[in-house]
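Note that the numbering runs from 1 along the sequence shown for the chain.
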Amino acid sequence: MSFTRFLTSRTFLVNLLVAAALLAIILFITMKGLENYTRHGQSYPVPEFTGMLPAEAQQIAQQQNLKVEIVDSLFLEDTAPGAVVDQVPRPGHGVKQNRTIFLTINSTHPETVTLPQLTDISFRQAQVLVENSGLQVGNISYRPSEYDNLVLKVQIDSIDIHPGKQLPKGTHIDLVVGRRPGNQTTSLPDLIGLTLDEAQSTLSSAMLNSGVIIYDESILSAEDSLSARIWRQRPNPRVTQNILLGSSVDLWVTVDQLKIDDALQF
């Protein structure tokens with residue numbers, strides 16, 4: 001029998017149909033098995049773990065046939081030690097069973113940084129070093145010196161501190177700066193419309209200090225205080241252009257946009 005006649009024979013066609021049917025059955029069984037194994041199309045929303053302690057998060061995860069794993073930590077002053085502060089995937093995101101949710105918790109101890117060498121350099125240099133090291137410039141005071149704007153001492157609560165000391169990240173450190181005899185002044189910056197952090201940074205750059213901070217009745221929570229902006233300051237830069245170095249500026253803050261807009265118009 002020739003090859004061509006074999007391809008058109010009844011025997012070949014029957015065998016071909018049987019092989020195709022078997023292949024179709026095998027593919028169907030394989031796909032159904034994979035679908036069942038991966039639970040195709042089935043997903044479950046990730047619970048909200050933020051604020052929970054790890055043991056509580058673990059219990060909730062087990063109830064939802066999920067797993068949790070702590071992968072990082074950071075320090076937040078206004079959060080309970082050990083509490084979950086972030087998670088991946090985010091709450092509500094659809095995931096399959098047995099998926100691992102990665103958690104970031106609040107450290108029980110604040111992150112520490114090393115105090116750099118700040119004395120015998122200019123205030124501007126010291127300010128950059130302070131900010132780059134994760135600290136913040138606190139109060140600035142002046143003492144008579146033959147060198148203008150040279151940092152003479154670094155203090156916390158009027159106690160001298162020295163390079164190499166370990167401090168909690170974000171600590172405010174006070175700088176004692178040299179000033180030649182005589183009344184030296186600086187331009188008073190206009191802080192209206194700035195956030196409190198922006199205003200304090202601007203004052204430090206101008207070698208001034210923030211004085212009393214007054215929150216109005218619109219500020220009801222910690223979140224409000226973070227988003228609040230300056231609507232009034234004393235001295236008023238529209239009246240007083242220059243003030244003595246190291247002077248304090250009182251700040252009024254609000255989240256009332258109308259109050260801020262009115263202040264910016266004047």
Interatomic spacing from CG in Leu251 to OH in Tyr215 - rounded to 0.5 Å: 9.5 Å

Do Arg180 side-chain atoms and Glu146 backbone N/O form a donor-acceptor pair below 3.5 Å? yes

What residues, two or more places apart in sequence or in another chain, satisfy side-chain hydrogen bond (donor to acceptor under 3.5 Å, both in side chains) together with His93? none

Are side-chain heavy atoms of Pro189 and Leu194 found at a separation under 4.5 Å? no

Among Ile60, Leu103, Thr100, which residue meets the side-chain contact (heavy atoms from CB on, under 4.5 Å) test with Val68? Leu103

If you apply the rule side chain to side chain donor-acceptor pair (under 3.5 Å), what do you find for Thr119 with Gln117, and how did you get there? CA-CA 6 Å; Thr119 55; Gln117 172 68 46; 2.6 Å; yes

More than 12 heavy atoms of other residues, nucleotides or ligands under 6.0 Å from CG of Asp157: is that the case? no

Side chain to side chain contact (heavy atoms under 4.5 Å, CB included) evaluation trace for Gln155 with Val176: CA-CA 8 Å; Gln155 298 180 328; Val176 179; 3.8 Å; yes

Less than 4.5 Å apart, side chain to side chain, heavy atoms only: is that true for Pro89 and Arg99? yes

Checking Val46 against Arg90 for the side chain to side chain contact (heavy atoms under 4.5 Å, CB included) test, could you report, in this order, the C-alpha distance in whole Å, the side-chain angles of both residues, the deciding distance, and whether it holds? CA-CA 7 Å; Val46 176; Arg90 304 296 300 165; over 6 Å; no

Nearest 0.5 angstrom please: Gln58 CD to Phe49 CZ, how far? 9.0 Å

Verdict with reasoning, Ile260 to Asp256, per side chain to side chain contact (heavy atoms under 4.5 Å, CB included): CA-CA 7 Å; Ile260 296 169; Asp256 185 340; over 6 Å; no

Compare all side-chain heavy atoms of Ile214 with those of Asp250 and state whether any distance is below 4.5 angstrom. no

Using side-chain hydrogen bond (donor to acceptor under 3.5 Å, both in side chains) as the criterion, list what pairs up with Thr240, not counting sequence neighbours. none

Please write out which residues are connected to Met207 in a hydrophobic cluster, directly or through intermediates, given that two of Ile, Leu, Val, Met, Phe, Trp, Tyr count as joined at side-chain heavy-atom separations below 4.5 angstrom. Val113, Leu115, Leu118, Ile121, Phe123, Leu129, Val130, Leu135, Val137, Ile140, Tyr142, Val151, Val154, Ile156, Ile161, Leu167, Ile173, Leu175, Val177, Leu245

As an exercise, state the distance from CG of Asp262 to CD1 of Ile192, rounded to the nearest 0.5 Å. 11.5 Å

Any sub-3.5 Å donor-acceptor pair from Asn106's side-chain atoms to Thr79's backbone N or O? yes

Donor on one side chain, acceptor on other, Gln166 and Thr114, under 3.5 Å: yes

Do any pairs count as a side chain to side chain donor-acceptor pair (under 3.5 Å) and have a residue in residues 198-212, sequence neighbours left out, and if so which ones? Gln127-Ser205, Asn139-Asn209, Thr195-Glu198

To the nearest 0.5 Å, how far apart are CD in Gln233 and CG in Leu188? 5.5 Å

If you count every heavy atom of other residues, nucleotides or ligands that lies below 6.0 Å from Phe102 atom CZ, does the total exceed 12? yes

Tell me, do Ser227 and Val255 make a side-chain contact under 4.5 Å, heavy atoms counted? yes

Nearest 0.5 Å, what's the CD-CG distance between Gln125 and Asn149? 11.0 Å

Sub-4.5 Å side-chain heavy-atom contact between Glu111 and Leu74: no

Using a strict threshold of under 4.0 Å (side-chain N to carboxylate O), is an ion pair present between Arg238 and Asp190? yes

Per the side-chain contact (heavy atoms from CB on, under 4.5 Å) rule, which among Ile213, Val253, Val249 passes with Ile230? Val253

Can you name the residues that form a side-chain hydrogen bond (donor to acceptor under 3.5 Å, both in side chains) with Asp120, not counting sequence neighbours? none

Checking side chain to side chain contact (heavy atoms under 4.5 Å, CB included) for the pair Gln87/Thr50: CA distance, chi angles, key distance, verdict? CA-CA 7 Å; Gln87 64 182 77; Thr50 303; 4.0 Å; yes

Beyond-backbone contact of Pro47 with Leu66, side-chain heavy atoms, under 4.5 angstrom: yes

Please identify each residue that fulfils side-chain contact (heavy atoms from CB on, under 4.5 Å) with Pro45, with sequence neighbours left out. none

